[in-house]
Amino acid sequence: MSSSHHRSGVWVQKNKTHKNGQHKSKGELRTEQKGRTVQGGQFRKGKKSIVTKNDRRNRRSQRRALNQLLTLQEKQKFESTPLDVTIVSTSPLINVQNFLDLFRDFEEHEDIEMSEDCNKPDKSIHKVSMKFPRWKISLNFRVADMNDLWNTLDLAKIADLVIFLYDPFEEVSAETEDLLSSLLGQGLPAVVHCLYIELEKDQNAQVFLKEKSEVKKNVIKRIKAWFPDPHVDFVSGNADMSSFLFRLSTVRPASVEYREMRPYMISTAVERVNPEDQSQSGSVRISGIVKGGTLDVNGVVHVLGYGDFLLSEVIIHERADNQKGKRQKDAVSAGDRTLTANPADQPSLKPEEEIEMEDSATNSQLDAASVAMSKKRLMKTVPKGTSNYQAAWIVDDDEKEVEDDGAEVNTESDEEDVDMNKEQMEADGNSLEDNDTVSEVEKNSEMDLEQIDMSEDADGYDSRLKEQDEAAAYAQMKKRLQDRMFPDEIDTPLDTPARIRFFKYRGLDDFRSANWDAEENLPREYAQVSRFSNMKSSKKAALNFANRTAVEPFNTATVVLRDAPLSMADTTSSLVVYGLLLHEHSMTVVNMSVKRISGFEAPVRSGQELVFQVGFRRFKAKALFSELSAGKLHKFLRFMPEEEHFVISVYAPITFPPAPVLVYKDSEAGKVELIAKGSVLSLDPSRVVLKRVVLSGHPFKINVRSAVIRFMFFNTEDVNWFRKVKLTTKNGRVGEIKEPLGWC
């Protein structure tokens, strides 16, 4: 028998090894252990638990049943409470009233329950409530005003469903594009796109019916820029309402994170607690359905358009899903629960109110002063029939600055000047009585005189105002172009020494390796700014604190505001109440990461007053632009960048991220224009923003290892002062100052 063994040839099949993936196989684990046991492990007595196939199947079925139960509970919540639907028309040619009439006329064919507001003779479209038992939905329709941007945004914030109405024969206008950009920027819930046409009134109805699919494709192509995969429903009459209502019943509201973090409520009834109270502020009662998060009776609420307020009590009403009658305002059933606020647990709004009152008083004083300055007029006494041009050549000592109410504006300096002139005339021996012009004055006194307005805006319109605005816009554009071509470069002043002009600046090699104390040279008012040692942990604590309250969402409740303006109860529109998280009533420095809108090209300078919408708040503030970088030091930007993301820092109320940010600028027509959008980056008052300045010079003579630079400094002291600062060229060469040459 041969001792040699057989070796396989080249053509023998070789099977692939089993791929275990990222984990190790049982054989590999057994090989690595080599009989060793884990030291310090807990050994359980008895039989080892083995998860069988049936156990795994049971776990999956239990998990599936739990998910189905949660989905059913969520569906029942929305079925028990009406959905808030906001209708947004994208064309002024669409008659929203006729669109709502389709729901009203559908009552003849289906069992529909409508509220009393729908049966008014004027058919007001402010709010229409309908209930459809067949589809198990209740809808509260609110129509957004296309001409009012803030109204549309506020209604979209609180809506569970937004219906966009499109005209099949009209393109999307520029105003509609800005509106859609704003709505997408702040976040939208569930969206339904509706192609609406009135077949009876439209002349192109027959053409539309033949080319229905083509028109539908064109509408989808138009709105794909804002909605990637839109589903467009066609509505033209009662025949399409059944399928459209089924579509509305199957849509579930999408989760908007910044809204779901906080409780919010839309008012169904607003009234005064004491109707006989004639003061300006008092207690106001607001009723509605709580949605979003849980409501804290000891917390702070924000009413859109009015500000922050504290609560005195919250009444949680018993659910009445099958109750057809309307609950009266003053009725409190036996099942209602009343939660009374504890003043010791409520935050104090007095410091913030004092700051806001001081700021508002200062602004009102500035506004009053500017108005008074703009309303001052220069009056001159001249003969009747004299024009403004002729009166400008007449020297009159009786010229007075007169306000619009006719009161003369006299100051102490004017009186002193008059006294000094009088004394000077007496010292010179010249008096009016001794002058030869007495007869001339007497003759003029017999003439009919009148007072005319010699101010520049006498005719109500300054012809030079438009030219000044155009010149200012041209200068702003020129500065932005210079900043783009020569970033951060400025000319050394001739009249002021550079060591004095740039005394606050430091010579830094780069922003990454440099150190800067964030607490250095801060103003005294900066001590009032709130700051967090860890923003994420503070946000988590605020959310956990809010979840311990008793007012759960989808409950009908009545909140009583304390020290609220009583004019709030006289408003005809619905009020929106937001519950604030812990610390969100305080002020801090809010850093927002935004990007410029592609269609906006006008220059925006840093420090300019802009309109901000951060989450559910809206305010005006002066913006500070800086780069979005990963280091500790960030460069100040003089103008808003055109393409890349950047950071805007403003002094504003605390709003925990995530929260959308919309930035607007006042336009000449009195409206606002969307210029940037983004989100809240951080709440960090210690974020260091440094203003960079580059002093440039012209090479006069270049040697092998040295060069003579002119026009950077203009005296020897400045050269010695900046001697330790490193020099760089456009190509990246680095050098230092050796000595000053010449004289200045």
Would you say [Y] and [X] are linked by a side-chain donor-acceptor pair, where the criterion is simply a distance under 3.5 Å?
X	Y	value
Asn591	Ser649	yes
Ser629	His634	yes
Thr558	His317	yes

Passing option when Val88 is tested against Leu179, Ile163, Leu165 for side-chain contact (heavy atoms from CB on, under 4.5 Å):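 The residue from Leu179, Ile163, Leu165 that satisfies side-chain contact (heavy atoms from CB on, under 4.5 Å) with Val88 turns out to be Leu179.
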Qualifying residue, where the test is ring-ring contact (aromatic ring centres under 6.0 Å, His included) with Phe616 and the options are Tyr264, Tyr258, Tyr578: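 Of Tyr264, Tyr258, Tyr578, ring-ring contact (aromatic ring centres under 6.0 Å, His included) with Phe616 is met by Tyr578 alone.
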Take Ile87 and Leu100 through the test side chain to side chain contact (heavy atoms under 4.5 Å, CB included) and record every step on the way to the result. CA-CA 10 Å; Ile87 301 177; Leu100 289 176; 3.7 Å; yes
I want to check something: taking the side chain as every heavy atom from C-beta on, are [X] and [Y] in contact at a cut-off of under 4.5 Å?
X	Y	answer
Glu313	Leu339	no
Lys691	Lys635	no
Arg617	His302	yes
Tyr306	Pro565	yes
Pro685	Tyr526	yes
Ser606	Lys622	no
Asn342	Val297	no
Gln280	Ser567	no

How long is the straight-line distance from [atom2] of [Y] back to [atom1] of [X], given to the nearest 0.5 Å?
X	Y	atom1	atom2	answer
Met592	Thr655	CE	OG1	9.5 Å
Leu624	Tyr651	CG	OH	15.5 Å
Arg285	Asn274	CZ	CG	10.0 Å
Ser348	Gln346	OG	CD	10.0 Å
Glu642	Glu601	CD	CD	8.0 Å
Arg524	Leu522	CZ	CG	13.0 Å

Could you check whether Glu519 pairs with Arg531 (Lys NZ or Arg NE/NH1/NH2 to Asp/Glu carboxylate O, under 4.0 Å)?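 Arg531 and Glu519: salt-bridged.
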I'd like to know if Arg272 and Asp570 make a salt bridge, using a cut-off of under 4.0 Å between side-chain N and carboxylate O.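 Counted as a salt bridge, because a side-chain N and a carboxylate O are separated by less than 4.0 Å.
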Greater than 12 external heavy atoms within 6.0 Å of Glu609's CD: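 Yes, because the 6.0 Å sphere around CD of Glu609 holds more than 12 heavy atoms from other groups.
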So for atom CD, which belongs to Glu257, do other residues, nucleotides or ligands contribute more than 12 heavy atoms lying within a distance under 6.0 Å?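 No, CD of Glu257 has 12 or fewer neighbouring heavy atoms, counting only those of other groups under 6.0 Å.
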Can you confirm whether or not the ring centre of [X] sits under 6.0 Å from the ring centre of [Y]?
X	Y	value
Tyr664	Trp150	yes
Phe164	Phe227	yes
Phe532	Phe656	yes

Quick one: closest heavy-atom pair of [X] and [Y], and the distance?
X	Y	value
Phe612	Ala621	CE1-O, 3.6 Å
Ala190	Val251	CB-CG1, 3.3 Å
Ser667	Val672	OG-N, 4.2 Å
Ser593	His645	OG-CD2, 4.1 Å
Lys157	Arg618	NZ-NH2, 3.8 Å
Lys291	Asp160	NZ-OD2, 2.5 Å

Between Gln613 and Val661, does a side chain to side chain contact (heavy atoms under 4.5 Å, CB included) hold up when you go through it step by step? CA-CA 6 Å; Gln613 179 175 296; Val661 175; over 6 Å; no
Exam field: side chain [X] to backbone [Y], donor-acceptor pair closer than 3.5 Å:
X	Y	result
Ser267	Leu575	yes
Asn151	Asp145	yes
Thr588	Ser530	yes
Thr338	Ile315	no
Thr152	Asp148	yes
Thr176	Val172	no
Glu584	Leu581	yes
Thr294	Val551	no
Ser283	Arg562	no
Asn140	Leu83	no

When you look at Ile648 and Val590, which way does the side chain to side chain contact (heavy atoms under 4.5 Å, CB included) test go after all the steps? CA-CA 8 Å; Ile648 296 181; Val590 181; over 6 Å; no
Side chain to side chain contact (heavy atoms under 4.5 Å, CB included) between Gln186 and Leu153: does it pass, once the steps are laid out? CA-CA 8 Å; Gln186 78 169 7; Leu153 293 180; 3.8 Å; yes
Audit row: Asp178, Lys671, salt bridge (Lys or Arg N to Asp or Glu O under 4.0 Å) steps and yes/no: CA-CA 12 Å; Asp178 295 340; Lys671 299 182 179 180; over 6 Å; no
Let's go through Asp308 and His585 carefully: what are the C-alpha distance in whole Å and the side-chain angles of both, what is the deciding distance for side-chain hydrogen bond (donor to acceptor under 3.5 Å, both in side chains) to 0.1 Å, and is it a yes or a no? CA-CA 7 Å; Asp308 301 343; His585 64 282; over 6 Å; no
